[in-house]
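Everything numeric in this text was worked out from a predicted model, so none of it was measured. Just the heavy atoms: all of them, side chains too, but no hydrogens, waters or symmetry mates, feed the values below.
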Amino acid sequence: LAAWAIWPSSARPCALPLPLAAFGLLAIWGSALASTAWATNSFLAWMTTLHWQTVLICFVLVYSQIRKERDARYLLRMLVLSLAYVALLVKRNQAYNLTAIRDPQEMVTRHLLDSLAVLPHLGEGDTLDVGTGAGIPGIILAVARPQQAFVLLDSNGKKTRFVRQARRELGLDNVEVVHGRVEQYRKAPSQIICRAFASLSDMLALMTPIMTDNTRLLAMKAASTEEELATLPTQWQGRHHTLTVPGLDEPRTLVVVNKA
């Protein structure tokens, strides 16, 4: 793993091999990584919060989404913080009912990997996550894009308190957490992302005041959106992308909408 990591990135013959990454991570998690700034209490609690088989399965699934990365430090940071977030969510969910999903492995599939599936379609500008809930997809996207600014907005005080704790424990300086409703939010972001909570037309009606001519709306939906796109008001244009989530045999669609 060390030899691969110090190899010049432009000369590496391939992405980090899965067996090497898996054994490397499991071998050094308690030593080298424990001394870094992003090795948090949540990270150190992996093995006590999550069964080791679940950790390994989570590792393989997350790796399958980001295996093209050639930067070993980025890869390991992404894997560590993602699983640390799941461990924290599992722990706090028992007391605060943050999500209806209880099984850690299912959390990885339905929350973590579902969020990572939109990454190829995410622009580079500042991003507002509307209705973030327990930090999904905002926290995961912020981990994957450490140089990009994210604002996570939700009206549920219990959930925003958890998201602030996750931000603090994971060391995510690129995340701002706002407790409030989207109708009260006044800053216009470059892009807005959300897990669809209403029809596209209703969502656009809520978010139009903070959408400029260049703002994009990325709506994560579970069902087909062709009918909704066909009925959009004339000032809007949209397109849909079919998403593939490893381990999930259900349809997932991302709808990208902007002003025509």
Side-chain angles (χ1 to χ4, degrees), residues 1 5 15-69 71-96 98-99 101-119 129 132-146 150 152 162-175 245-248:
L1 180 66
L16 185 62
L18 176 57
L20 179 60
F23 285 113
L25 180 65
L26 293 176
I28 65 176
W29 80 274
S31 54
L33 295 183
S35 64
T36 65
W38 41 271
T40 64
N41 291 334
S42 293
F43 166 67
L44 297 175
W46 275 11
M47 297 302 181
T48 57
T49 305
L50 305 178
H51 191 278
W52 72 268
Q53 290 178 330
T54 299
V55 172
L56 190 57
I57 291 171
C58 293
F59 176 87
V60 173
L61 290 173
V62 174
Y63 179 88
S64 70
Q65 289 292 81
I66 57 175
R67 63 184 181 277
K68 294 182 181 179
E69 289 295 333
D71 187 332
R73 287 173 296 180
Y74 169 87
L75 179 64
L76 291 177
R77 177 186 181 277
M78 177 69 201
L79 291 165
V80 167
L81 291 188
S82 296
L83 294 179
Y85 169 74
V86 173
L88 182 62
L89 182 58
V90 169
K91 180 179 179 181
R92 296 302 181 208
N93 195 44
Q94 297 172 358
Y96 300 111
L98 301 166
T99 172
I101 299 174
R102 304 293 180 181
D103 179 65
Q105 189 173 330
E106 193 175 358
M107 285 182 180
V108 169
T109 301
R110 293 186 175 274
H111 292 334
L112 199 160
L113 298 181
D114 194 49
S115 300
L116 286 177
V118 309
L119 199 56
D129 178 8
T132 189
I136 304 160
I139 287 288
I140 302 303
L141 296 177
V143 168
R145 296 276 183 88
F150 290 84
L152 277 55
F162 167 78
V163 177
R164 288 192 178 100
Q165 179 186 5
R167 174 194 179 277
R168 183 174 61 253
E169 293 201 17
L170 300 180
L172 299 177
D173 295 332
N174 59 328
V175 170
V245 180
L248 186 64

Closest non-hydrogen atom pair, [X] against [Y]:
X      : Y      : answer
Ala134 : Leu98  : CB-CB, 4.2 Å
Thr109 : Pro246 : CG2-O, 3.6 Å
Leu88  : Ala166 : CD2-CA, 3.6 Å
Ala144 : Leu116 : CB-CD2, 4.4 Å

Residue list, side-chain hydrogen bond (donor to acceptor under 3.5 Å, both in side chains) with Arg145, at least two apart or on another chain:
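In terms of side-chain hydrogen bond (donor to acceptor under 3.5 Å, both in side chains), with neighbours along the sequence ignored, Arg145 is linked to Gln148.
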Sequence neighbours left out, what passes side-chain contact (heavy atoms from CB on, under 4.5 Å) with Asn174? Give chain and number order.
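So Asn174 forms a side-chain contact (heavy atoms from CB on, under 4.5 Å) with Ala142, Phe150, Leu172.
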Residue list, salt bridge (charged side-chain N to carboxylate O under 4.0 Å, His left out) with Arg92, at least two apart or on another chain
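By the salt bridge (charged side-chain N to carboxylate O under 4.0 Å, His left out) rule, Arg92 matches no residue at all.
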Given side chains that start at C-beta, do those of [X] and [Y] come closer than 4.5 Å, heavy atoms only?
X      : Y      : answer
Val118 : Leu141 : yes
Pro137 : Asp114 : no
Leu152 : Arg167 : no

Can Arg110 and Thr99 be said to form a side chain to side chain contact (heavy atoms under 4.5 Å, CB included), step by step?
CA-CA 11 Å; Arg110 293 186 175 274; Thr99 172; over 6 Å; no
Rounded to the nearest 0.5 Å, how far does CG of Leu89 lie from CG of Leu83?
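It is 12.5 Å, given to the nearest 0.5 Å.
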Distance check, rounded to the nearest 0.5 Å: Met107 atom CE versus Ile136 atom CD1?
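The CE atom of Met107 sits 8.0 Å away from the CD1 atom of Ile136.
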Is there a side chain to side chain contact (heavy atoms under 4.5 Å, CB included) between Leu170 and Tyr85? Walk through the geometry before answering.
CA-CA 8 Å; Leu170 300 180; Tyr85 169 74; 3.9 Å; yes
